[in-house]
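What follows is one structure encoded as structure tokens, with my remarks underneath.
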Amino acid sequence: MTKKIYIFDTTLRDGEQTPGVSLNIEEKLQIAVQLQQLGVDVIEAGFPFASKGDFEAVKAIAENIRGPVIVGLARTTKQDINTAWQALKYAENPRIHTFIATSDIHMEHKLKMEPEEVLKRVYEMVSYAKSLCPSVEFSPEDGTRTRRAFLYKVIETAIDAGADVINMPDTVGYSTPSEFGALIKDIKDNVPNIYKAIISVHCHNDLGLAVANSLAAVENGAEQVECAINGLGERAGNAALEEIVMAIKTRNLHFNCHTNIITEQITKTSNLVSYITGMQIQNNKAVVGVNAFAHESGIHQHGVLECRETYEIMTPESVGLKKNSIVLGKHSGRHAFEERLKELGYTNVSHDKINEAFVKFKDLADKKKVVSDEDIEALINHEVFRTSEIYTIEYYQISSGNSTVATSTVKVNFNGETFSEAACGDGPVDATFKAIEKAVGISVNLKDYFIKAVGTGKDALGEVTLKIEKESKIFSGKGISTDIVEASAKSFINAINKMLYLNSNDIGA
Ligand code: KIV
Ligand code: ZN
């Protein structure tokens, strides 16, 4: 058996630090359930001290998810560590992940601490974390720009204090693969007690090298890789989980190791994370982009038809891509619908949710001739697992044309009470957004608006993703409908709902 590489998913922590991404508790829990189905070994659920919302989300994940280790991040302070432990203590396998910066530039300008003070803090706080929690991970932040002798000392101290996992972050994505691989080897050669800990790596993608650096670390003895679905994370993101996992699987003879990821769950996880975070996946993204398995040139198509391996190093099925089958229509019954949901991997859906989904499916089937797998997945994600519905759109009507000013009337529902407003705008979508703003009494800046068709055909569902800004905070929203104005209205109200929900939960660190 080859060596196992532990997959530590940080989508819910570093991934949530992606500019413009903020998730509520239900959304985090939904992603955590899917990460469990994906088979990750470790879920970094959040930074409990950062906000009340983060605390509650980590607690909810600790209480509900069984199997993976559940991690909460904490700076090396008692307050942070205590708060992390309060959120994590319900987990089957809890882990506190504590960190402090160790590079000269961070110690001098950010921490304003002397190296000796940092070293003392590492010992005290790792010991303290270990007194609360059976598993402790320590990260020397900005590790790749830390003076080597000091780095070795810090790691040795953390292990002496009880750290079980030593994570080496390339915090600013500065390293190159050969340098990073050598660093891991040097740590193994120069830290006397390193054999007592698991070596983990956490690479940022500022130079587009996060995956390559992580794999170089694996080649040199790292046993845990921290990564995020779709490469989400601070600035240019973290190493993409799906790329790390598929590289190890596809080139297992080269890496001589394996992961426990159920790779057939990759596409579903990627789509769910993209949907919930509002972060689009670029078409040519490795493994999960829509073009990842598309063959455009005739020569390639011919080759693949003759022998798939000519141009495909991994199969679409291995990442959970199904053949684009047209499945159901308006005459399909509940049983067929439920079976199809199961085939698509929605095995844990409650009876009530299936009933709700079936009603929505029938509505859709009335509007569309055929309902494809993509339609069903979009419908489930958008309509059935939609969370925090504070306001809902009851009704809208537009008048628009190339020689009239567009007007829109909307009626929104809030706790059973309805509010109607009308507004003019630069086109029907703009008019509808303005009418919604008036009806809910909130004005926001529209920062981003993106529309795409789900599936093919003139009657395809339109999926709108947008971002709104209020008081320098960004919130994303999504909506689907066969009518693009309705999809826009739904995504706008979805973003407003998220804003209201998150603001009511966030007390700040
Ligand atoms: O990038 C980083 O250094 C981090 C640490 C908290 C591990 O995210
Ligand atoms: Zn990071």
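Just follow the structure's listing: the first ligand is 1, and inside any ligand the first atom is 1.
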Which ligand 1 atoms does [X] reach within 4.0 Å, using its non-hydrogen atoms?
X    : answer
E141 : 3 (O)
S139 : 7 (C)
H204 : 1 (O)
D14  : 8 (O)

*So, is R13 polar-close to ligand 1, with some N/O to N/O distance under 3.5 Å?*
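Yes, there is a polar N/O contact under 3.5 Å.
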
_ligand 1 N/O within reach of H202 N/O, cut-off under 3.5 Å_ =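 Yes, at least one N or O pair falls under 3.5 Å.
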
*asked:* Does K59 qualify as a cation-pi partner of Y90, given the criterion of NZ or CZ under 6.0 Å from the six-membered ring centre and within 45 degrees of its axis?
replied: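 Geometry flag: set, cation within 6.0 Å and 45°.
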
*Distance under 6.0 Å and angle within 45° of the ring axis: does K470 meet both against F475?*
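Judged by the rule (NZ or CZ under 6.0 Å from the ring centre, within 45° of its axis), K470 is not positioned above F475.
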
*Considering all heavy atoms of both residues, which atom of P94 and which atom of A91 are nearest to each other, and what is their separation?*
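P94 and A91 have their closest heavy atoms at CD-O, 3.7 Å.
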
*Which single N/O/S atom of D14 lies at minimum distance from the Zn ion (ligand 2)?*
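It is OD2, the N, O or S atom of D14 closest to the Zn ion (ligand 2).
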
Between the side chains of [X] and [Y], does any donor sit under 3.5 Å from an acceptor?
X    : Y    : value
N193 : D160 : yes
S488 : Y449 : yes
S139 : H97  : yes

_Closest approach of any protein heavy atom to atom 3 (O) of ligand 1, naming residue and atom_ =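 So the nearest neighbour among protein heavy atoms is T171 OG1, 2.6 Å.
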
